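Numbers restart at 1 for each chain; the letters A, B, ... are given by sequence-line order, proteins then strands. Nothing here was measured: the structure is a model prediction, and the numbers come from that model.
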2 protein chains.
Amino acid sequence: MEAVQDLPPGTAPGLRTKSQLQRRRRILQAAAALASRGGVEAMQMRTVAERAGVALGTLYRYFPSKMDLVVAVVGEELDMLESSIARRPPAALTPDGRAVDVLMRATRGLMREPELADALIRALILADVELPFGDRMAGLLLRVAGLSEAAADEEQAVLAASLGAVWVQELLEMLRGRRTYEDIQRRIEIAASRLLADFPA
Amino acid sequence: MEAVQDLPPGTAPGLRTKSQLQRRRRILQAAAALASRGGVEAMQMRTVAERAGVALGTLYRYFPSKMDLVVAVVGEELDMLESSIARRPPAALTPDGRAVDVLMRATRGLMREPELADALIRALILADVELPFGDRMAGLLLRVAGLSEAAADEEQAVLAASLGAVWVQELLEMLRGRRTYEDIQRRIEIAASRLLADFPA
DNA sequence: ACCGAAGTTAGAACGGATTCTAGTAAGTGT
DNA sequence: ACACTTACTAGAATCCGTTCTAACTTCGGT
């Protein structure tokens, strides 16, 4: 449930050799592939290890718990979202419009692999991890709202984080089958228009 | 992970005899006691059964999964919050002030048993359950904000639910040790003042 | 008071995450 | 090249949620 990436494979440092980087990549890829089939259940540690071609013990050396593995997979998804946004930035004219744009783009991305999304979101919420979804998503929202993270005052940071929280909950409701894409859009728009109302255009 | 309380012990109906009600009570009490020690981990099904003086199989007849058990425990906590609010309604003059009052009262209640709170919140977020926290809390917020649930239009319902979502996330951050009580209060106030701004006084 | 259905019990059994062990391979410094 | 620390492997072992089994009890109807 915890365990900080200390020595072995911190996202950046700690990987000495090329083969270790490749092992890590293979593991993440196997994990994502399995999860996008049957969700967390299908993503069994033994299966991941087998499919990645490493021993179970090695898998646990790279990712001390299943949660750590899930978190790493999510990290990759977020990387993809961020680069997608860099490539094609939200075009809306208001800060809240841009925020909604980004959130709905993320929603569509996650909807494409519902099992994966379900597994990832839930795991994230559970994780004791530092800087999981919340913070990264809030930072992203601040940026698309037009503020560098450094320039935001506390109130703005709180509001951006709040919008992130609302989105996460809506996503969860969607995964439970209680929201459609359109529901989410409407609800996020309502919340965003209030929360980001007085952000500088 | 699912299983609706169908025949055996629905919160209200289905319990025929007095001894069944008492069994249910003993189980819930044992579960809460264990969870308020070591959290979910300490609340092992075998241990709960033992401490409640029932067989493991019986425990599973009453609560088809650990999650169902957790949800039931949370339900009781929410009952207590609601009756506390009925006894001493929030006194603030504005709708958002009253909402903050209720949320912070709930926060204090949960802080008293952090392990329990942690277990419960996380489990709830994960649960596939109908009408768990979110809805009940949102309804409660609507009511203290001064609207009967029936009278609220969709926008108001969304805003109340959003505030509930923000609160849940803040609670999670607190349980992760990343927020103090004062942090939460400040942040909830900020979010509430935006989200409930134009509610009728 | 008696019967069958439903509820309970003790305990074994199963599945998947995590841990542990002993031995083998790879990488580093001298 | 040699010694040594570190990484990896195969597999057994442990822990806990959940399921299953067979026998025992309790309850409602007669």
Check whether any side-chain nitrogen or oxygen of B:Gln20 sits under 4.0 Å from OP1 or OP2 of C:dT8, and answer yes or no.
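Answer is yes, contact under 4.0 Å.
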
Would you please confirm or rule out a distance under 4.0 Å between OP1 or OP2 of D:dC8 and any side-chain N or O of A:Tyr62?
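Yes, within the criterion.
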
Looking at [options], which one has an atom nearest to any side-chain atom of [X]?
X	options	result
A:Thr17	D:dG17, C:dG27, C:dA17	C:dG27
B:Leu56	D:dT18, D:dA10, C:dG16	D:dT18
A:Ala55	D:dC8, C:dT19, D:dT9	D:dT9
B:Thr58	C:dG16, D:dT18, C:dT9	C:dT9

Output the rounded distance in Å from [atom1] ([X]) to [atom2] ([N]).
X	N	atom1	atom2	result
B:Leu59	C:dT9	CG	C1'	13 Å
A:Glu50	D:dT9	CD	P	13 Å
B:Phe63	D:dG17	CZ	P	16 Å
A:Arg61	D:dA10	CZ	P	15 Å
A:Tyr60	C:dT18	OH	C1'	5 Å
B:Leu69	D:dC16	CG	P	17 Å
A:Lys66	C:dG15	NZ	C1'	12 Å
A:Leu21	D:dA7	CG	P	14 Å

Would you say CZ of B:Arg108 has more than 12 non-hydrogen atoms from neighbouring residues, nucleotides or ligands within 6.0 angstrom?
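Above 12, so yes.
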
Which comes earlier along DNA chain C counting from the 5' end, the contact point of A:Glu41 or that of B:Val54, where each point is its nearest nucleotide?
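Nearest nucleotide further toward 5': that of B:Val54.
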
Does the pair B:Asp183/B:Arg178 count as a salt bridge with the N-to-O cut at 4.0 Å?
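No, no charged N to carboxylate O under 4.0 Å.
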
Between A:Glu82 and A:Arg143, does any NZ, NE, NH1 or NH2 come within less than 4.0 Å of an OD or OE carboxylate oxygen?
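A:Glu82 and A:Arg143: salt-bridged.
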
Position toward the 5' end of DNA chain D (nearest nucleotide), B:Arg46 or A:Ser19:
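Checking each residue's closest nucleotide, the 5'-ward one belongs to A:Ser19.
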
Close side-chain approach of B:Glu77 to B:Leu116, heavy-atom, < 4.5 Å
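In contact.
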
Hydrogens and angles aside, do B:Gln169 and B:Glu173 bring a side-chain donor and acceptor to less than 3.5 Å of each other?
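There is no such pair between these side chains.
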
For B:Arg23, which contact category applies under a 4.0 Å heavy-atom criterion: base, sugar-phosphate, or nothing?
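Counting heavy atoms under 4.0 Å across all strands, the contact made by B:Arg23 is with sugar-phosphate only.
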
